[in-house]
Amino acid sequence: QLVESGGGWVQPGGSLRLSCAGSGDSLAYYAVGWFRQAAGKDREGLACMTVSGVETFYADSVKGRFTISRDIAKNMLYLQMNSLKPEDTARYSCAARRGDISYYSESTYTYWGQGTQVTVSS
């Protein structure tokens with residue numbers, strides 16, 4: 001089970017850190033990722049990490065602004081979001097899957113959280 005937290009309202013240029021708590025298996029055995037879906041749009045993959053944590057993928061839209069990280073001891077996944085823009089407004093979800101093949105592909109993810117809303121506006 002995955003449960004997100006940390007969403008909310010922030011002004012443009014601000015920062016938020018999203019958290020994703022894993023329960024059951026350790027996240028150390030899974031590739032993990034953050035995704036978002038804005039109103040009326042398809043879900044978008046933002047940041048993903050391989051099982052080992054060595055390799056990461058970032059969408060061009062968030063590269064240099066967002067950072068994915070993982071704390072195995074706490075079984076937590078994080079997404080640090082800086083320099084937020086109004087177009088970052090969306091519902092953000094964490095996800096996990098076994099294995100690394102095509103780990104950057106949304107369709108390969110098995111386990112999903114319910115999501116947390118992020119709104120960026122002045």
Which pairs, with at least one residue in residues 100-122 and sequence neighbours excluded, count as a salt bridge (Lys or Arg N to Asp or Glu O under 4.0 Å)? Arg43-Glu106

Which ILVMFWY residues can you reach from Val3 by hopping between side chains whose heavy atoms are under 4.5 Å apart? none

Please output the side-chain donor-acceptor pairs of residues 75-82 that fall under 3.5 Å, not counting sequence neighbours, one pair per line with the distance.
residue, atom, partner, partner atom, Å
Asn75, OD1, Leu27, N, 2.6
Asn75, ND2, Gly22, O, 2.9
Asn75, ND2, Asp25, O, 3.4
Gln80, NE2, Asn82, OD1, 2.9
Asn82, OD1, Ser15, OG, 2.9

Residues forming a salt bridge (charged side-chain N to carboxylate O under 4.0 Å, His left out) with Lys85, sequence neighbours excluded: none

The criterion is salt bridge (charged side-chain N to carboxylate O under 4.0 Å, His left out); which residues satisfy it with Glu4, sequence neighbours excluded? none

Using a side-chain heavy atom cutoff under 4.5 Å and only I, L, V, M, F, W and Y, what cluster partners does Tyr103 have? Phe35, Phe57, Tyr104, Tyr109, Trp112

Qualifying residues under salt bridge (charged side-chain N to carboxylate O under 4.0 Å, His left out), relative to Asp42, sequence neighbours excluded: none

Grouping I, L, V, M, F, W and Y whenever their side-chain heavy atoms are under 4.5 Å apart, do Met49 and Tyr111 come out in a common cluster? yes

So which heavy atom on Gly113 is nearest to which on Ser93, and how close? O-OG, 4.2 Å

What pairs with Glu55 under salt bridge (charged side-chain N to carboxylate O under 4.0 Å, His left out), at least two apart in sequence or on another chain? none

Set of residues satisfying side-chain contact (heavy atoms from CB on, under 4.5 Å) with respect to Ser83, sequence neighbours excluded: Arg65

What's the separation between atom CG in Leu18 and atom CZ in Phe66, rounded to the nearest 0.5 Å? 8.0 Å

Kindly work out whether a path of hydrophobic side-chain contacts (I/L/V/M/F/W/Y, heavy atoms less than 4.5 Å apart) joins Tyr29 to Ile72. no

Taking only distance into account, with no hydrogens and no angle test, what donor-acceptor pairs under 3.5 Å do side-chain atoms of residues 114-122 form with protein atoms, sequence neighbours excluded?
residue, atom, partner, partner atom, Å
Thr116, OG1, Gly7, N, 3.2
Gln117, NE2, Ala90, O, 3.4
Ser121, OG, Trp9, NE1, 2.9

Verdict with supporting geometry, Val62 and Arg36, side chain to side chain contact (heavy atoms under 4.5 Å, CB included): CA-CA 11 Å; Val62 304; Arg36 71 185 179 191; 4.2 Å; yes

Is there any salt bridge (Lys or Arg N to Asp or Glu O under 4.0 Å) pair reaching into residues 109-122, and which pairs are they, with sequence neighbours excluded? none

Find the distance between OG (Ser5) and CZ (Arg17) and round it off to the nearest 0.5 Å. 9.0 Å

My understanding is that only residues two or more places apart in sequence, or in another chain, count here; which of them pass side chain to side chain donor-acceptor pair (under 3.5 Å) with Arg97? Thr108

For Val32 against Arg70, the heavy-atom pair lying closest together: CG2-CD, 4.5 Å

